[in-house]
Amino acid sequence: MKKLLSIAIMLFSLNLQAQFVNFEQISPPLESDSRMVKLKNKVLFSKALVNGGGELWVSDGTFNGTSALLPFNQMIVRYGFGEILNDELYFTGFDSVNGNAIWKTDGTNAGTVMVKDIHPSKHWNLGDFGLGVVYNGKYYFRIDDGTHGFELWVSDGTSLGTKMVKDINPHGSATVSPITVFNNKLFFSATDSSASIDIWTTDGTEVNTKKFIDFSAQFGLPSTTLQLSAAKVFNNQLYFIANNYLFVTDGTAAGTQLLSDTNGSRKPFEIYNLKEAPGHGNVFFREMNGKLYFVAGDNVNAGGELWVTDGTKLGTQKVKDILLGPQGGVVGTLGLLNNSTLLFSASEFDKNDNNFIGYELWKSDGTSQGTVMLKELDSTTTANVTWPRESIVPKQFLEYKGKVYFSGPHHSQHLRYLWETDGTTSGTRLVKDSAIGTYNKITLFNGRMYFQSSYPGSQALWQSDGTVSGTFPIKPFGDTTSNVIFDFYDVKYNIILNDKLIMRANYGDAQSELWALTTFPLNVQSRADRKIQFDIYPNPVSKSLKIKTKGEIKKVGLFDLNGKRLLSSKDENLDISSLGNGIYFLSIQTNHGIGTAQFQINR
């Protein structure tokens with residue numbers, strides 16, 4: 001079994017208050033096979049099993065509080081988790097008596113129960129259970145009961161109250177997806193008995209589960225394949241994409257408009273998904289100043305460009321044609337600064353021979369004139385390029401302390417670096433000239449940014465407060481070789497629980513564990529205010545610093561003003577002869593707690 005690790009670090013910054021960081025493993029080695037879910041004051045997840053499925057586990061954020069909720073010989077989690085209704089998580093589980101069935105749990109052993117066995121076959125595949133929504137106090141989802149195919153179902157948490165809403169396609173599967181709540185109804189796409197795919201609505205009753213409107217008659221569109229791909233509620237209206245047509249509705253036929261009618265041609269957009277990482281849900285729109293922005297091709301100039309809509313046909317237009325022709329100018333996602341500036345990546349071509357060079361950082365205030373290149377992040381000439389620049393697209397935009405932080409290119413290498421911008425060219429700069437590789441999302445926790453460096457041989461969890469000195473990896477003292485691989489792909493994989501950031505990580509080998517990051521402000525304490533009693537002397541000191549305490553010393557850390565750990569020990573006598581003159585910090589941990597002190601080296 002892998003050795004249980006705990007990393008305790010004191011971190012300091014000139015811009016933020018000093019803090020103490022404790023980063024510890026809180027589970028034995030395991031492989032998690034689905035997203036983690038926060039349920040009240042616990043985290044639920046499943047441990048992958050060799051023969052498929054997972055064992056249901058629960059954690060309160062501590063090692064002793066992390067364990068199997070039900071052993072795998074009693075029940076196995078199958079096909080992922082659903083949603084939470086009345087403080088209970090719904091999921092599909094398998095046991096030896098009933099086979100695959102619908103289950104729920106409140107995070108306790110006694111509260112983990114089967115809701116309903118909907119199919120007599122033990123091994124029937126019920127399908128993806130994570131595509132449902134909570135609506136009017138019930139859970140709505142799609143599932144295959146082995147008789148009707150995939151249809152819309154509802155559950156109130158009881159066996160009697162778990163049933164199919166309507167058999168939309170009596171001759172096969174309705175293949176319901178996705179499901180969106182709007183105007184006290186559910187909207188979704190489904191296939192009926194004539195194999196026609198349309199948008200449907202329901203209030204949860206069979207009689208009121210019906211097709212929304214006749215899109216063929218109202219808009220002259222094909223009625224046989226209108227598949228809903230995304231929907232967003234904004235300004236009391238529902239914006240939705242169906243077969244790359246953009247619509248808006250107030251929930252009525254008269255209040256439904258086709259916004260993407262390009263020059264009256266009835267040709268669809270190609271509307272691009274802005275999502276950067278795997279996981280549940282898609283991202284197609286970015287809100288700014290009461291409007292929605294998105295990236296689309298209009299089939300006239302087919303490349304992806306920046307578009308805007310205010311909910312009217314006249315107000316749905318291309319912001320700027322950055323790159324004429326089929327290539328498309330805009331790629332990746334849209335960042336936002338102060339609700340007034342969009343940030344994104346756009347193509348750059350060589351001015352002499354019109355060859356594609358790569359992607360640069362652009363900004364937009366929503367107007368054509370205000371949509372301009374913000375800065376060329378990597379100005380290395382083509383002759384000096386050591387890796388194709390088109391492989392590095394500025395992305396992972398995160399607003400933090402009045403600026404936007406993102407990962408982008410530098411030195412024309414296949415590496416990522418952390419950048420920041422205040423929306424000006426001069427204020428767009430490299431945070432640190434170190435390939436930190438913000439490959440996955442950047443997570444905010446207790447006033448600082450955390451992200452994963454993802455390059456082979458240098459995987460680590462990084463912390464940043466936006467300064468050079470405050471941007472560094474979190475690793476055990478003295479460990480410069482081991483990789484730490486973290487799952488920072490989706491917010492549902494990183495949960496804030498009981499003032500801890502819970503994540504999955506792989507430290508040094510192929511096994512993953514659950515880890516918890518805890519931070520709290522560190523104030524240098526006077527002797528009278530210390531929670532543990534100790535003395536350090538002499539102070540000022542020249543060669544050897546002595547510690548006197550009544551408790552057993554478990555850990556001593558010595559740090560400079562930038563928070564860099566210079567020494568780690570368990571001894572009462574510290575040799576500081578190799579350190580230069582200046583102010584330093586000392587963290588002392590005993591069996592009674594943690595205390596801090598400041599001392600000076602003066603020779």
Side-chain angles (χ1 to χ4, degrees), residues 3-25 432 434 448 458 460-465 467-484 507-508 517-603:
K3 182 180 179 181
L4 183 65
L5 295 172
S6 177
I7 310 168
I9 312 172
M10 272 203 301
L11 306 171
F12 299 85
S13 152
L14 297 178
N15 295 337
L16 288 175
Q17 185 179 24
Q19 67 172 10
F20 182 84
V21 172
N22 189 59
F23 187 46
E24 60 183 344
Q25 181 183 330
K432 191 165 188 172
S434 177
R448 285 170 172 81
S458 63
L461 178 66
W462 281 67
Q463 173 184 281
S464 179
D465 61 4
T467 67
V468 176
S469 61
T471 303
F472 46 80
I474 298 176
K475 278 194 172 186
F477 176 75
D479 188 338
T480 58
T481 59
S482 297
N483 292 332
V484 188
Y507 186 86
L517 178 74
T518 308
T519 70
F520 55 90
L522 175 63
N523 298 310
V524 176
Q525 305 156 330
S526 67
R527 190 176 188 280
D529 294 332
R530 291 171 186 164
K531 294 182 179 180
I532 63 171
Q533 293 302 311
F534 67 90
D535 291 298
I536 57 173
Y537 61 93
N539 189 8
V541 61
S542 60
K543 293 183 179 180
S544 179
L545 185 68
K546 300 183 184 299
I547 303 171
K548 183 179 180 180
T549 178
K550 294 182 179 179
E552 178 188 355
I553 295 179
K554 293 183 174 294
K555 197 178 297 184
V556 176
L558 191 155
F559 306 85
D560 65 14
L561 291 175
N562 290 324
K564 182 179 180 181
R565 182 190 288 265
L566 304 176
L567 185 149
S568 183
S569 175
K570 295 182 179 180
D571 296 332
E572 297 179 349
N573 298 316
L574 304 180
D575 181 4
I576 48 89
S577 59
S578 62
L579 303 178
N581 290 346
I583 303 297
Y584 296 85
F585 293 94
L586 201 66
S587 169
I588 302 171
Q589 181 178 349
T590 73
N591 53 337
H592 299 300
I594 298 175
T596 61
Q598 177 180 302
F599 69 95
Q600 181 179 358
I601 297 178
N602 188 10
R603 299 187 182 94

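Residues: numbered from 1 along the sequence shown.
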Closest non-hydrogen contact found for V541 with F599 is CG1-CD1, 3.8 Å

Find the distance between NZ (K570) and NZ (K555) and round it off to the nearest 0.5 Å. 8.0 Å

Which heavy atom of P538 sits nearest a heavy atom of S544, and at what distance? CD-O, 3.7 Å

To the nearest 0.5 Å, what is the distance between CD1 (I583) and CD (Q598)? 5.0 Å

Which residues pass the side-chain hydrogen bond (donor to acceptor under 3.5 Å, both in side chains) test with S577, sequence neighbours left out? D575

How far apart are the closest heavy atoms of K432 and V468, and which atoms are they? NZ-O, 3.5 Å

Quick one: pull up CG in L545 and OG in S569 and give me the separation to the nearest 0.5 Å. 11.0 Å

Using 0.5 Å steps for rounding, measure from the CG atom of L574 to the CG atom of L567. 5.5 Å

Using a 4.5 Å cut-off on heavy atoms from C-beta on, say whether the side chain of L579 contacts that of L558. yes

Residues at least two apart in sequence or cross-chain that pass side-chain contact (heavy atoms from CB on, under 4.5 Å) with S542, listed by chain then number, are R603

Does the side chain of L586 reach to within under 4.5 Å of the side chain of V556, using non-hydrogen atoms? yes

Using the side-chain contact (heavy atoms from CB on, under 4.5 Å) criterion, which residues pair with T590? Sequence neighbours excluded. I532, T549, I588, H592

Among all residues two or more places apart in sequence or in another chain, which pass the side-chain contact (heavy atoms from CB on, under 4.5 Å) test with K543? none

From N539 atom CG to K546 atom NZ, the distance as rounded to the nearest 0.5 Å: 14.0 Å

Contacts of P540 that satisfy side-chain contact (heavy atoms from CB on, under 4.5 Å) - sequence neighbours left out: Q600, N602

Evaluation steps, side-chain contact (heavy atoms from CB on, under 4.5 Å), between Y584 and I576: CA-CA 11 Å; Y584 296 85; I576 48 89; over 6 Å; no

Nearest 0.5 Å, please: how far is CD in Q533 from NZ in K548? 12.0 Å

